[in-house]
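Note sheet for the following structure.
Worth saying up front: this structure is predicted, and the values here are computed from it rather than measured. As a basis for the values below, the full set of heavy atoms in this structure was taken, side chains included, without hydrogen atoms, waters or symmetry mates. Quick note on labels: first sequence line is chain A, next is B, and so on, each numbered from 1.
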Number of protein chains: 2
Amino acid sequence: MLTNNCDINESEAAPIECARELMGTLPRLRRILLEFFPCVEGHLALTLPQFFALSCLYSGESLPSHLSRRLMVSKPTATVVVDGLVKRGLVERGAGPDDRRQVTLRLTPAGRRVCEAHRQAVEQRLCRAFAGLGTDELQRLLLALRDLQRVLQPDAQEKET
Amino acid sequence: MLTNNCDINESEAAPIECARELMGTLPRLRRILLEFFPCVEGHLALTLPQFFALSCLYSGESLPSHLSRRLMVSKPTATVVVDGLVKRGLVERGAGPDDRRQVTLRLTPAGRRVCEAHRQAVEQRLCRAFAGLGTDELQRLLLALRDLQRVLQPDAQEKET
DNA sequence: TATTGTTATACTCTATAACTATA
DNA sequence: TATAGTTATAGAGTATAACAATA
């Protein structure tokens, strides 16, 4: 069977236990990512990358290169995701601010509406879920999410083309 | 806005704060899922769904329908993922045990080797990451992961909308 | 008729390499 | 030469609908 040099049996809260717990919960967490967040029905429906990109533009970003860094995807991937948003009439491309190689991405009025509606729907859905947790559990979750994010840094190399 | 600081007052541990924290960390967590887990290089490389499917078969599952439920994907998607594993020589299809409609999925020796190597590599990588956390933080993370899983049940969400 | 699994179809995400235009 | 962004290409994951074989 599998062996591991991290295996410590003294406590449940050992790295190996967390590792196995995380591996065990991943399919479900992944499913949640897949269907919990792009949760708005009908014409508002967005994929998760589209939702992230739209939120990113909503919060002030405007250059594709910044978008690709924020979303941590390659530039061609950012182009594809933006293409989808443009095709849906949620984003417009325009001339860049400083440099004629650059492109400015702007939300259309529809894009702004969809982004706000979507963010609100996701927040409300999450709030309903988190209403099932007490204050201590919420605080624990908040801190744990930050720990997880800090400790699972992907390798520092960026997705560049 | 939320800080990376660890001192948190009581008002921050509200459902809405957790919701926003989770939404804010999602792109990074998603990136981690994408590249942290299928971390074995070269011929051992597996995508995340392939890794999950292989692990599932390793742990005793053998029917495509069970696989699709465990992975929480549609049956056609399970077929596609299994196709990829078969093409890589890691899985074989055979006759079903009880019912001639069924198909039995079996790991090949290579599939078994790749699965063990991959699981071990992922566990070790997670252990290295979690080594940066203290016992209290690990315990908190363990409990928070369980809370998150319990409270974000996709099936628990209302379907009548 | 219902179930198991696959096919057919269509779409999105993803990356690397090559390209265009600009700097 | 270097950079910003797109195009070309290839491959994987995803779902719904339709289908075949079996129950």
inquiry  = Any base atoms under 4.0 Å from B:Ser74, or only sugar-phosphate, or nothing? Heavy atoms, all strands.
reply    = base
request  = Write down the distance between CZ (B:Arg101) and C1' (D:dA20), rounded to a whole number of angstrom.
outcome  = 12 Å
message = Once you apply a heavy-atom cut-off of 4.0 Å, does B:Val103 come out as touching a base, just sugar-phosphate, or nothing?
response = sugar-phosphate
query = When you check the phosphate oxygens OP1 and OP2 of D:dT6, does a side-chain N or O of A:Arg93 lie under 4.0 Å from one of them?
reply = yes
task = Check whether any side-chain N or O of B:Arg100 sits under 4.0 Å from OP1 or OP2 of D:dA20, and answer yes or no.
result = no
query = Picking from C:dA23, C:dT6, D:dG13, which would you name as closest to the side chain of B:Lys75?
reply = C:dT6
Distance, rounded to the nearest Å, where A:Gln102 contributes CD and D:dT6 contributes P = 12 Å
query = Do you know which of A:Glu137, A:Glu21, A:Glu17 makes salt bridge (charged side-chain N to carboxylate O under 4.0 Å, His left out) with B:Arg146?
reply = A:Glu21
message = So B:Pro76, base contact, sugar-phosphate only, or nothing? Heavy-atom distance under 4.0 Å.
response = base
message = From the set C:dT12, D:dG5, C:dC13, return the single nucleotide nearest to any side-chain atom of A:Pro49.
response = C:dC13
query = So, is B:Arg69 close to the C:dT4 phosphate, meaning a side-chain N or O under 4.0 Å from OP1 or OP2?
reply = no
ask   = When all nucleic acid strands are considered with a 4.0 Å heavy-atom cut-off, which category describes B:Leu48: base, sugar-phosphate, or nothing?
value = nothing
note = Checking C:dT6, D:dT14, D:dA12 against the side chain of A:Arg30 (C-beta onward), the nearest is D:dT14
inquiry  = Starting the side chain at C-beta, find the nucleotide from C:dT14, C:dT12, C:dG5 nearest to A:Gln50.
reply    = C:dT12
query = Taking only N and O in the side chain of A:Thr77, is any of them less than 4.0 Å away from OP1 or OP2 of C:dC13?
reply = no
query = What nucleotide among C:dT22, D:dG5, C:dG5 has an atom nearest to a side-chain atom of A:Ser65?
reply = D:dG5
inquiry  = With a cut-off of less than 4.0 Å, is there a side-chain N or O of B:Arg88 near OP1 or OP2 of D:dG11?
reply    = no
query = Are A:Thr79 and D:dT6 close enough that a side-chain N or O sits under 4.0 Å from OP1 or OP2?
reply = yes
